[in-house]
Protein chains: 2
Amino acid sequence: MANIQQVAQKAGVSVATVSRFLNGNAKVTSKTKLKVEDAIKELNYEPSILGRNLRNSESRLLLVLIPSISNPFYTEIINGIEDTALNHQYNILLCDTDSNPERENIYFDLMRRKLADGIISMDPAVNREKLHELAEHHAIIQCSEYTENGSIPYVTIDNEAAAYQAVKHLIKIGHHKIALINSDETFLYARQRRKGYEKALTEFNLPIQEDWIYHTHQLGFENGQQAVRKLLHLHDPPTAIFTVSDILAIGALKELNARGIQVPNDMAVIGFDKIIFSSMTNPTLTTISQPMYKMGCTAATMLLDKMKGQPVDNITLDHELVIRESTMG
Amino acid sequence: MANIQQVAQKAGVSVATVSRFLNGNAKVTSKTKLKVEDAIKELNYEPSILGRNLRNSESRLLLVLIPSISNPFYTEIINGIEDTALNHQYNILLCDTDSNPERENIYFDLMRRKLADGIISMDPAVNREKLHELAEHHAIIQCSEYTENGSIPYVTIDNEAAAYQAVKHLIKIGHHKIALINSDETFLYARQRRKGYEKALTEFNLPIQEDWIYHTHQLGFENGQQAVRKLLHLHDPPTAIFTVSDILAIGALKELNARGIQVPNDMAVIGFDKIIFSSMTNPTLTTISQPMYKMGCTAATMLLDKMKGQPVDNITLDHELVIRESTMG
DNA sequence: ATTTGACATGTAAACGATTACAAATTAGCT
DNA sequence: AGCTAATTTGTAATCGTTTACATGTCAAAT
């Protein structure tokens, strides 16, 4: 609870000297160094970050906007962000927006009011307009989900190519009736993945059937289960399912299992993300691997660069189709 | 970028008046209110949290120490903490310690240096000594994992009773050879759950066999898989497994499935936590349900009380045995 | 002994809010 | 109108740092 003044007084030097000692940038005689060290120890002094922050007008806090902390996809990315941030003496303020505009506003305000030095947004449901407005005066990076033709730098994967690859794989192993369990198409990634899905079908002269495209607004297991129930009730049900999220795929697998439908023989399933759970299901899940940790590191690095005023380019990371039991006939 | 001074000047009032207007506690004439409002709008003024924090010597930030953000058990608790914190205008700083003392130190320093107003620790591997030292001058609550006879308030469940109940259930459905997959017994919860396990065995005159007790230092799927491999190699393998974490149980299930061992007929399995994924496995996992969200809310409320200087009591929340397919013969 | 320059230290002004306390204004009454 | 009391506003100190600038110190060079 002692402050720098008291340390200075006890050491018989000025506050400037104490500050210099603390920050280690300017030279301090070893004699005074000792005096200051002693005073600090004696008073149990700890420099206040609050005072420093005000003076430096920085908080060394980074905001990370995610729709839900419960999705392992995001937690992996967060690991990458956190490691990178810590390496540069930044801490992260995790903002679970729940895709709720009110919450989002709370967090945007933290930025406006200087409690954060930068933002990494991963929320597909983010208010684009407000985000861009904020971006005029603040450092912002988008991670995974982004806005096309916007002015905010982003790191992502090629969603269309990934979806295309997944669906092509299904076609190659003999499927012609392939369903898509997509999320809300107001999200860019959903539109892109649908595009990849359609591209593959078209390339192989397969019809695009609206019946086989299911939309869900949330990414819970139960939504995958629901989707499967719906798809199975069609008069001409698909024989394979491509899903835009492992969570949905795992729900789908569960429902198929429950109904005694054999995966992959009666129905092949592909997920997206390669979350850790996807290798624990039975059968294991074929999925598109996203470099989540790396994406987090990249986003953080981009943000730090941006904050330094350096120009930053958009980055597209590599994905990979991981073939596992759910598509191995 | 404008500050309160400029707003005051433009509005033709003093900074005190502007401040009062902002905080809405003291009375301001509607006439001056208008003037101030206009000035704020015109200057695009946003009050700086940095300045306020210094003056009030508070950060309105809460530290949450977890061993790993990847474990769904913690993310559910965090949801509870976050909701409660936000309701009281606090934000949380998520601290993934990775059970790494260096990281822990970084975060403890944030507290010492006033960047946090309180801590909720959930890390079983936390340095108890340092934590108690910190607790002498700062508000700290332990959540889930705690220290016996310590001075830090905690919220938890009755681990021994829960384990006892789980193992008793296994015995009741006919098992005599029950393995325990435990984590590191330097952790209190591990010792407590073991105690419950032994209590149940003893009560039914079953021997406690060291062979059937497996210890793992980490809580990954692979650790559960490893444990099963080890247990199956025993000359007298168990017919049921009680696991101190769903993650381990799911790994165990996976390994059993892979070896064609039928669950629950050849081997019954019980997990702990009731993470969401535990209902997606095949078979679904019998487990001890912990009220994770509620635990988070409780911990946060306790911390806020503690910070206000109110006395807080330890709280034990209810658990529940959820019987599902992995123990339904 | 004096000058020069390098280097260490001190002084004091920020950073941007909040809040006792003092001063000024207003309202209420006779 | 004149007085008092209540209410609104202003003044200035404060929170704890950092840092430009001024000052001081000391050794080397003359």
Side-chain angles (χ1 to χ4, degrees), chain A residues 1-40 43-61 89 109-117 137, chain B residues 1-40 43-61 89 109-117 137:
Chain A
M1 325 308 159
N3 60 20
I4 199 172
Q5 315 268 5
Q6 299 168 307
V7 173
Q9 195 173 352
K10 171 142 276 176
V13 298
S14 73
V15 290
T17 303
V18 179
S19 175
R20 282 190 274 255
F21 166 83
L22 289 170
N23 295 302
N25 29 24
K27 282 261 139 70
V28 181
T29 315
S30 53
K31 211 191 322 177
T32 51
K33 213 177 256 186
L34 280 176
K35 287 193 290 181
V36 175
E37 265 167 353
D38 285 352
I40 287 177
L43 292 173
N44 240 304
Y45 169 71
E46 296 277 356
S48 157
I49 300 184
L50 264 29
R52 168 181 299 189
N53 281 352
L54 175 59
R55 168 65 213 220
N56 295 347
S57 49
E58 65 170 13
S59 65
R60 299 202 85 81
L61 251 32
Q89 286 83 251
D109 272 344
L110 291 185
M111 180 86 223
R112 291 197 195 95
R113 302 180 60 181
K114 309 227 173 196
L115 194 71
D117 295 343
H137 299 289
Chain B
M1 326 305 157
N3 62 19
I4 199 173
Q5 314 268 5
Q6 299 169 307
V7 173
Q9 195 172 352
K10 170 141 279 175
V13 300
S14 74
V15 289
T17 302
V18 178
S19 175
R20 282 189 275 256
F21 167 83
L22 289 171
N23 295 303
N25 30 24
K27 282 263 137 67
V28 181
T29 314
S30 54
K31 212 190 325 178
T32 49
K33 212 178 259 185
L34 280 177
K35 287 193 289 181
V36 175
E37 264 168 354
D38 286 352
I40 288 178
L43 292 171
N44 241 302
Y45 169 71
E46 295 278 354
S48 157
I49 299 184
L50 265 29
R52 168 181 299 188
N53 281 353
L54 174 59
R55 171 61 213 224
N56 296 347
S57 48
E58 65 171 13
S59 65
R60 298 201 85 79
L61 252 31
Q89 288 80 251
D109 272 343
L110 291 185
M111 180 87 222
R112 290 196 196 96
R113 302 181 59 181
K114 309 231 173 192
L115 195 71
D117 295 341
H137 299 289

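Naming convention: chains lettered A, B, ... in sequence-line order (proteins, then strands); numbering from 1 in each chain. All of these numbers come straight from a predicted model, not from anything done at the bench.
- Rounded to the nearest 0.5 angstrom, L61(B) CG and L110(B) CG are separated by 9.0 Å.
- Rounded to an integer number of Å, the gap from CD of E58(A) to C1' of dT18(D) is 11 Å.
- The distance from atom CD of Q5(B) to atom P of dT11(D) is 12 Å, rounded to the nearest whole Å.
- Within residues 27-35 of chain A, the residues having any heavy atom closer than 4.0 Å to DNA chain C are, in order of number, K27(A), V28(A), T29(A), T32(A).
- The side chain to side chain donor-acceptor pair (under 3.5 Å) check on E58(A) picks up R60(A), with sequence neighbours excluded.
- For the helix from dA1(C)-dT30(D) to dT30(C)-dA1(D), the rotation axes defined at the first and last 5 base pairs enclose an angle of 50°, given to the nearest 10°.
- Summarising the geometry, the separation between CG on N3(A) and P on dC15(D) is reported as 8 Å, rounded to the nearest angstrom.
- If you walk DNA chain C from 5' to 3' and mark each nucleotide with an atom closer than 4.0 Å to a heavy atom of chain B, the marks span dG16(C) to dT19(C).
- In this structure, N23(A) places its CG atom 7 Å from P of dT19(D), rounding to the nearest Å.
- Between E46(A) atom CD and dT17(D) atom P the separation is 10 Å, expressed in whole Å.
- Between I4(B) atom CD1 and dT14(D) atom C1' the separation is 14 Å, expressed in whole Å.
- Residues passing the side chain to side chain donor-acceptor pair (under 3.5 Å) test with D109(B) are R112(B), sequence neighbours excluded.
- Distance check: N53(A) CG to S59(B) OG gives 10.0 Å after rounding to the nearest 0.5 Å.
- Judged by distance alone, the side chain of T29(A) and the main-chain N or O of K31(A) form no donor-acceptor pair under 3.5 Å.
- Within residues 6-21 of chain B, the residues that have a heavy atom under 4.0 Å from DNA chain D are, in order of number, G12(B), V13(B), S14(B), V15(B), A16(B), T17(B), R20(B).
- With contacts defined as side-chain heavy-atom distances shorter than 4.5 Å, the pair R52(B)/N23(B) qualifies.
- Side-chain contact check for F21(A) versus V13(A): every heavy-atom pair is 4.5 Å or farther apart.
- As judged by a 4.0 angstrom heavy-atom cut-off over every strand, L54(B) is placed among the base-contacting residues.
- Under the 4.5 Å side-chain criterion, counting only non-hydrogen atoms from C-beta, S48(A) is not in contact with N3(A).
- For the pair I49(B) CD1 and dC15(D) C1', the interatomic distance rounds to 17 Å; values are reported in whole Å.
- Contact of R52(A) with dT18(D) (side chain to base): no donor-acceptor pair of N or O atoms is detected under 3.5 Å.
- The distance from the CD atom of E46(B) to the CG atom of L22(B) is 10.0 Å, given to the nearest 0.5 Å.
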